[in-house]
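Remarks on the structure that follows.
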Amino acid sequence: MTKRILALALVAVFACLALASCNTDTPATTAPATKPAGTTAAPATTPAGTTTPAGTTTVVTTPTAEPTPTEEPTPTPTDDPVEFDMFEQFGGIEKIFAEGSFYGTAFETWPFNDNGSWCARAFFQSCVVIGANDGDFTQNLGTDDYEYTWKFFYHDAEVTPESNADIKGPFTTPTETFYKFDNGNVIYRLQVGSAPEGDMCEALEVGKTYMFIVALYKGDTCVGFTYLSQVWDARYDAYHELYKKFWTAHNRADGYGTGMQTVTSADEQDATDLGFNDKGEYVG
C-alpha cells in the first residue's frame, strides 16, 4: 500500500514538471508594430497564382511598360513638279513663228562657185525662211543700224530637255544678206560659222538629228522663234570643212572686208577631196 501511494506521488510530480516545461516554450503575444504617423507605403503583393516558399524573400518588380509606338507623320500632299518648258525663256510657245522653215540646203558655204558681190566662200550659213505673216525684219539688215539679233540654240532630237542646260546656245549669228520672195516671205542667211560664242557646228555629229531653235531678239526681248528638225548629214559637214579649210589658207579679215579673194588650185583640190564636183555640187 505504501509503495502504491509513493508511485502515484511520483506521477503527480512528473505531471507538474511537464506542465511547467510547456509554459516556458510559448512566446508572448504582442500587438503588431505600426508605422510612424505621416508615412505611407504600398504593401508588397505577390502576383496571383504564385506561391512564396517559406524562408525565402520575394522581390516584386514592376514590369517595364512597352514604349508607345510613334506614328509616322502622314506626308502632306504636294503639287506635281512643274514640267520643264523649254520655250519659257523665249516668251512661251505662243511666240513661235507660224511660217518658219529651213530653205533648200539648211546649211551651206556661200558663195561657192558664184561669187556674186561677195568673195568666194565668205560665209558658212543657215538659210531660214520666215513668212510674211510673221513680220518683215529686213530693214537696215546688214548695217550697224539693224535693230534685231538672231540666235541659234539646239538639242539632240532624241533627248527631251529637262532643264535649260540641255539646250546648247546661244550662238549669235551675224546676218548680212537676205532674199525676199514676191509673196513677202524672206530667206534670212544666218552666219552660224561666225558666232562670237564659237562655232556651233563643231559639236554636231554626222547622221544625228537635232532640234534647232532659231530666235529673233529686239534688245533682250524675243520677238519670235522657230523650232526645226534637221539631220546633220555628210553634205553639211563637207560644206563646213570646206569653209574652214578656205579660211585657214586665206586671210579671213582681208577677204571678207574687200569682198575679193582668189580661189586657188589648192582650194579647188580641197573641194574635190571633200566630195564636191566642179559645179559645186556635193557628190560624196
Side-chain angles (χ1 to χ4, degrees), residues 85-112 114 116-118 121-157 161 164 167-201 203-204 208-233 235-236 239-240 243 256:
D85 180 1
M86 77 177 77
F87 302 122
E88 183 178 2
Q89 64 176 305
F90 307 109
I93 190 65
E94 61 271 16
K95 288 288 188 74
I96 195 167
F97 288 129
E99 301 174 84
S101 64
F102 285 124
Y103 180 79
T105 56
F107 299 94
E108 65 177 1
T109 293
W110 184 88
F112 192 175
D114 178 12
S117 60
W118 290 95
R121 304 166 196 179
F123 309 114
F124 184 75
Q125 63 192 17
S126 178
C127 300
V128 176
V129 177
I130 302 298
N133 291 330
D134 292 314
D136 186 336
F137 309 105
T138 61
Q139 185 176 2
N140 295 323
L141 190 152
T143 73
D144 292 338
D145 294 327
Y146 188 58
E147 60 183 345
Y148 298 101
T149 303
W150 295 86
K151 298 182 181 183
F152 258 82
F153 302 78
Y154 74 92
H155 69 85
D156 189 324
N164 284 334
I167 302 174
K168 310 303 181 185
F171 296 89
T172 304
T173 57
T175 307
E176 298 190 38
T177 63
F178 67 93
Y179 178 82
K180 183 180 290 188
F181 294 97
D182 291 340
N183 62 5
N185 294 351
V186 179
I187 299 174
Y188 296 88
R189 298 187 178 108
L190 307 178
Q191 297 151 34
V192 292
S194 303
E197 296 87 356
D199 188 346
M200 175 187 76
C201 302
L204 304 183
K208 291 194 69 170
T209 302
Y210 297 92
M211 299 302 301
F212 293 96
I213 299 171
V214 186
L216 176 65
Y217 288 82
K218 186 175 183 179
D220 294 330
T221 302
C222 181
V223 175
F225 67 92
T226 66
Y227 188 48
L228 307 174
S229 173
Q230 186 65 51
V231 177
W232 180 257
D233 62 21
R235 175 180 54 162
Y236 298 148
Y239 269 127
H240 185 240
Y243 169 79
Y256 183 81

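Nothing fancy with the numbering, it's 1 onward along the sequence.
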Are any non-hydrogen side-chain atoms of [X] and [Y] less than 4.5 angstrom apart?
X: Lys151; Y: Tyr217; value: yes
X: Tyr146; Y: Phe137; value: yes
X: Ser194; Y: Phe123; value: no

Are side-chain N/O atoms of Thr175 and Gln191 paired as donor and acceptor at under 3.5 Å?
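No - no donor-acceptor pair under 3.5 Å links their side chains.
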Do Glu99 and Asn185 get their side chains close enough for a donor-acceptor pair, meaning under 3.5 Å?
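Side chains of Glu99 and Asn185: no pair found under 3.5 Å.
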For residues Tyr179 and Phe181, establish whether the separation of their ring centroids is below 6.0 Å.
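Ring-ring flag for Tyr179/Phe181: true, centres closer than 6.0 Å.
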In terms of ring plane angle, is the pair Phe152 and Phe107 parallel, tilted or perpendicular, where the classes change at 30° and 60°?
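Tilted, since the angle between the ring planes falls between 30° and 60°.
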Using the salt bridge (Lys or Arg N to Asp or Glu O under 4.0 Å) criterion, which residues pair with Asp156? Sequence neighbours excluded.
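By the salt bridge (Lys or Arg N to Asp or Glu O under 4.0 Å) rule, Asp156 matches Lys208.
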So, using side-chain contact (heavy atoms from CB on, under 4.5 Å) as the criterion, who are the partners of Glu147 when residues are at least two apart?
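Glu147 satisfies side-chain contact (heavy atoms from CB on, under 4.5 Å) with Lys218 only.
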Run the side-chain contact (heavy atoms from CB on, under 4.5 Å) test against Thr138 and tell me which residues pass, sequence neighbours left out.
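side-chain contact (heavy atoms from CB on, under 4.5 Å) list for Thr138, sorted by chain: Asp136, Phe178, Lys180, Val186, Tyr188.
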Exercise: identify the closest heavy-atom pair between Phe112 and Tyr239
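Shortest heavy-atom separation between Phe112 and Tyr239 comes out as CD1-CE2, 3.8 Å.
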Over all heavy atoms of both residues, which pair between Tyr154 and Ala203 is shortest? Give the atoms and the distance, please.
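Minimum heavy-atom contact is OH-CB, 3.5 Å.
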